[in-house]
2 protein chains.
Amino acid sequence: MEHVEEEPGFEAAADTLREYLPRDYTVQVNGKCRVSYSGRTQSKLDRGDRMILVKQDSALLVHGPDNYQPRNWQPEVDRWSVGTGDGALTIEARRLDPEEVVEIELSSIELVTVSQMVDESELKISGHEVDIHEAIEETPEIVEDGFNLVARERKTPAGYIDVLGRDMDGAMTVVEVKRNPDYNTALQLQRYVDEIEEEFSGDVRGILVAPKLSDEVDGYLNERGLEFVEVDMDDIIQDYKLQDSQSGLSDFGPEYSTG
Amino acid sequence: MEHVEEEPGFEAAADTLREYLPRDYTVQVNGKCRVSYSGRTQSKLDRGDRMILVKQDSALLVHGPDNYQPRNWQPEVDRWSVGTGDGALTIEARRLDPEEVVEIELSSIELVTVSQMVDESELKISGHEVDIHEAIEETPEIVEDGFNLVARERKTPAGYIDVLGRDMDGAMTVVEVKRNPDYNTALQLQRYVDEIEEEFSGDVRGILVAPKLSDEVDGYLNERGLEFVEVDMDDIIQDYKLQDSQSGLSDFGPEYSTG
DNA sequence: ACTTTCAGTTCGTTC
DNA sequence: GAACGAAGTGAAAGT
C-alpha cells in the first residue's frame with residue numbers, strides 16, 4: 001500500500017490523485033460528493049457519502065453505502081482532470097468513445113488510499129449455458145433417447161440455431177438451449193422451426209432445453225406444438241466439477257445473521 | 001470512519017469483522033485472497049490481490065485491480081461466518097434464497113476500514129427507454145407526420161405492444177420502441193403485427209423506433225416490410241433536461257491522459 | 001473494429 | 001411472491 005491518507009486536505013488529495021490516477025494504480029477516495037454523468041444519458045446524484053474506486057485499467061466506480069451496483073461509473077477513462085476550488089475537489093473522468101463524462105465534486109474527504117494490486121488468476125466457472133451445450137454434445141440423450149446431433153450454431157436467416165439434430169425416427173429437430181428462457185426464447189425457437197421447415201420442406205420438431213420455464217411460456221410452447229425438456233443444472237455442474245476445490249476451512253466462529 | 005487498521009493480524013481483523021459485518025456498516029478489507037462460489041453455478045478464483053467491500057445492506061463485492069464488475073459477489077448475505085486458522089482468515093457469506101455461498105480465504109491483510117456512510121440522495125436520470133415513450137406521447141410526429149396514438153402497453157397473446165396507433169391514412173400501426181434493438185426486437189415486432197392483423201383483419205404497419213440499428217436487423221425488417229424510424233437520444237434527453245445541473249467547476253489542473 | 005449473445009446478470013415494476 | 005423487461009447494461013466470443 002503506497003498511501004493511506006486520513007482526512008487529507010483538498011490540495012494534498014489533489015496532488016495524490018494527479019500523480020496516481022493516470023498510472024496503473026488502484027486509488028480509493030472516501031468522502032462526501034456530488035456526481036453527474038453526461039453521455040449515453042444524463043444523470044445527477046446529489047451529495048452523499050460514497051466510496052470512489054479507480055482501478056488500474058482506469059475503470060471508475062462510485063459506490064454508495066448499499067447495493068451491488070455502483071451509483072455512477074465510467075468503465076474506461078481516457079482523460080482525467082483534477083481541480084480544487086470553491087471548497088471542493090473535483091474529478092472529471094472523460095471517455096472518448098462513446099463520448100461521456102463523469103464529474104465528481106468532493107466536499108469532504110475521509111480517506112485516500114493508493115495501492116498496486118496483482119491478480120493474474122483466472123476465474124474458473126462451471127454452469128454457464130455453454131456447459132449445457134457441451135453436455136448435450138457429450139450425451140445427446142439429455143435431449144431425448146435416440147437424439148442425434150447434426151450441427152451446432154447453424155446459421156439461418158433468422159439467426160443461429162443452437163443445436164440441430166434428428167430424433168430416433170430421423171425427424172429434423174431444432175434445439176434451443178437457454179439458461180434463463182423467456183418469452184423471446186419461444187418466439188425465437190418458433191422462428192427457427194419455421195426456417196428449417198421451409199428449407200427442408202417438411203415437419204420439424206422444436207425443443208427448448210432449459211433448467212426451468214414459466215407457465216406462460218410453457219403454454220405458448222404447447223399451443224405451437226413446441227416441446228420442453230428440463231435439465232438439472234446440478235447435473236451439468238457435476239459433469240464439469242472444479243478441480244482443486246477449497247477445503248479445510250477450520251476454526252469458524254459461531255454463525256450469526258445479518259440485521 | 002470508525003476504524004482504519006493497516007496490516008492487522010488475523011485475529012484482530014476477525015474481531016473487527018465479527019463485530020461489524022452483521023450490522024449496518026461499510027466494511028472494507030484489502031488483501032490477498034482466494035474466492036470460491038457455489039450456488040446457481042460454481043466458480044473458483046485463485047489467490048490474488050483484491051478489495052473486499054461489504055455494504056450496509058450486506059451486499060458483498062470482491063473487486064480485482066481491473067474491470068467495472070467485481071470478480072465475485074453476493075448481492076445479499078443472510079449469514080456471515082468468520083474464522084481463523086491455517087494461516088488464513090476465512091469469510092463465508094451465505095445467502096438463503098437462492099441458496100448460494102461465497103467463501104473468501106484471506107492469506108494476508110493490508111487494510112481494514114469500517115465506516116458508516118449516509119447517502120439518501122436519489123439518482124436522477126434522463127434518457128431511458130421510457131423517455132422515448134413519453135416523447136412519442138407528447139409529440140407523436142416523432143414516429144411520423146400525421147401519426148396518432150391509440151394505445152400504449154396494449155396486451156396481445158404475444159405480449160405487450162409498446163405503442164399502437166394509426167397513420168395519417170388511418171392504417172393501424174404497431175410501434176416498438178427499443179433503446180438497444182436486436183434481432184429479437186424484429187421478431188417481436190413481426191409477431192405483434194401478425195397478431196393485430198389477425199385481430200383487425202387487415203394490413204398493419206410495423207415500425208421500430210430506436211436510436212440505431214444494425215445492418216443485419218435492418219435487412220430483416222426490410223424483407224418483412226417492417227419499417228425503422230431513427231430517434232436522436234440527444235433530442236429525447238433535451239426534452240427532459242435535468243434541473244439544478246452542476247456548474248462552476250473551476251481551477252482545473254492541466255488535463256492528462258491515461259496510460 | 002463491429003456485431004451478437006450471454007450473465008451466478010442486477011434491478012425495478014407489475015400482476 | 002413470481003414474472004417480465006430494461007440497463008449509461010458489461011464482458012466475451014465470433015466475424
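Naming convention: chains lettered A, B, ... in sequence-line order (proteins, then strands); numbering from 1 in each chain.
Across Val193(B) and Val204(B), no two heavy atoms sit closer than the pair CG1-O, 3.6 Å. Here the closest heavy-atom approach between residue Tyr192(A) and residue Val174(A) is recorded as CB-CG1, 3.8 Å.
Contacts of Asn67(B) with the nucleic acid, taken as non-hydrogen atoms under 4.0 Å apart, involve only primed sugar atoms and P, OP1 or OP2.
dA11(D) and dC11(C) have their P atoms separated by 16 Å, given to the nearest Å.
Rounded to whole angstrom, the span from the CG atom of Asp182(B) across to the C1' atom of dA6(D) amounts to 12 Å. When the P atom of dG10(D) is taken as reference, atom CG of Asp97(A) falls 13 Å away, rounded to whole Å.
Ser121(A) places no side-chain N or O within 3.5 Å of a backbone atom of Leu45(B) that could act as its donor or acceptor partner. With hydrogens and angles disregarded, a donor-acceptor distance shorter than 3.5 Å links the side chain of Lys55(B) to the backbone of Asn67(A).
In this structure, of dG5(D), dC6(C), dG8(C), it is dG8(C) that holds the atom nearest to the side chain of Asn72(B).
Side chain Gln74(A) to base dG8(D): a donor-acceptor pair is found below 3.5 Å. Interface remark: the Glu100(B) side chain does form a donor-acceptor pair with the dG8(C) base, using a distance-only criterion of under 3.5 Å. At a cut-off of 3.5 angstrom, the base of dG10(D) holds no donor-acceptor pair with the side chain of Tyr68(B).
Within the structure, every side-chain polar atom (N or O) of Ser214(B) is placed at least 4.0 Å from both OP1 and OP2 of dC2(C). Distances shown here put a side-chain N or O of His128(B) below 4.0 Å from the OP1 or OP2 atom of dA7(D). Considering only side-chain N and O atoms, Trp73(B) lies under 4.0 angstrom from the phosphate OP1 or OP2 of dT10(C). Taking 4.0 angstrom as the limit, Asn180(B) places a side-chain polar atom (N or O) nearer than this to OP1 or OP2 of dT9(D). Side-chain nitrogen and oxygen atoms of Arg71(A) include none within less than 4.0 Å of the OP1 or OP2 phosphate oxygen of dG8(D).
Comparing Leu213(A) and Thr41(A) by the nucleotide of DNA chain D whose heavy atom lies nearest to each, the residue mapping closer to the 5' end is Leu213(A). Toward the 5′ end of DNA chain D lies the nearest nucleotide of Val217(A), the other residue of the pair Val217(A) and Arg179(B) mapping further downstream. Between Glu216(B) and Tyr160(B), it is Glu216(B) whose nearest contact on DNA chain C lies nearer the 5' terminus. Each of Asn184(B) and Leu123(A) has a nearest nucleotide on DNA chain C; the 5'-most of these lies closest to Asn184(B).
Using a 4.5 Å cut-off on side-chain heavy atoms (C-beta onward), Glu105(A) and Cys33(A) make no contact.
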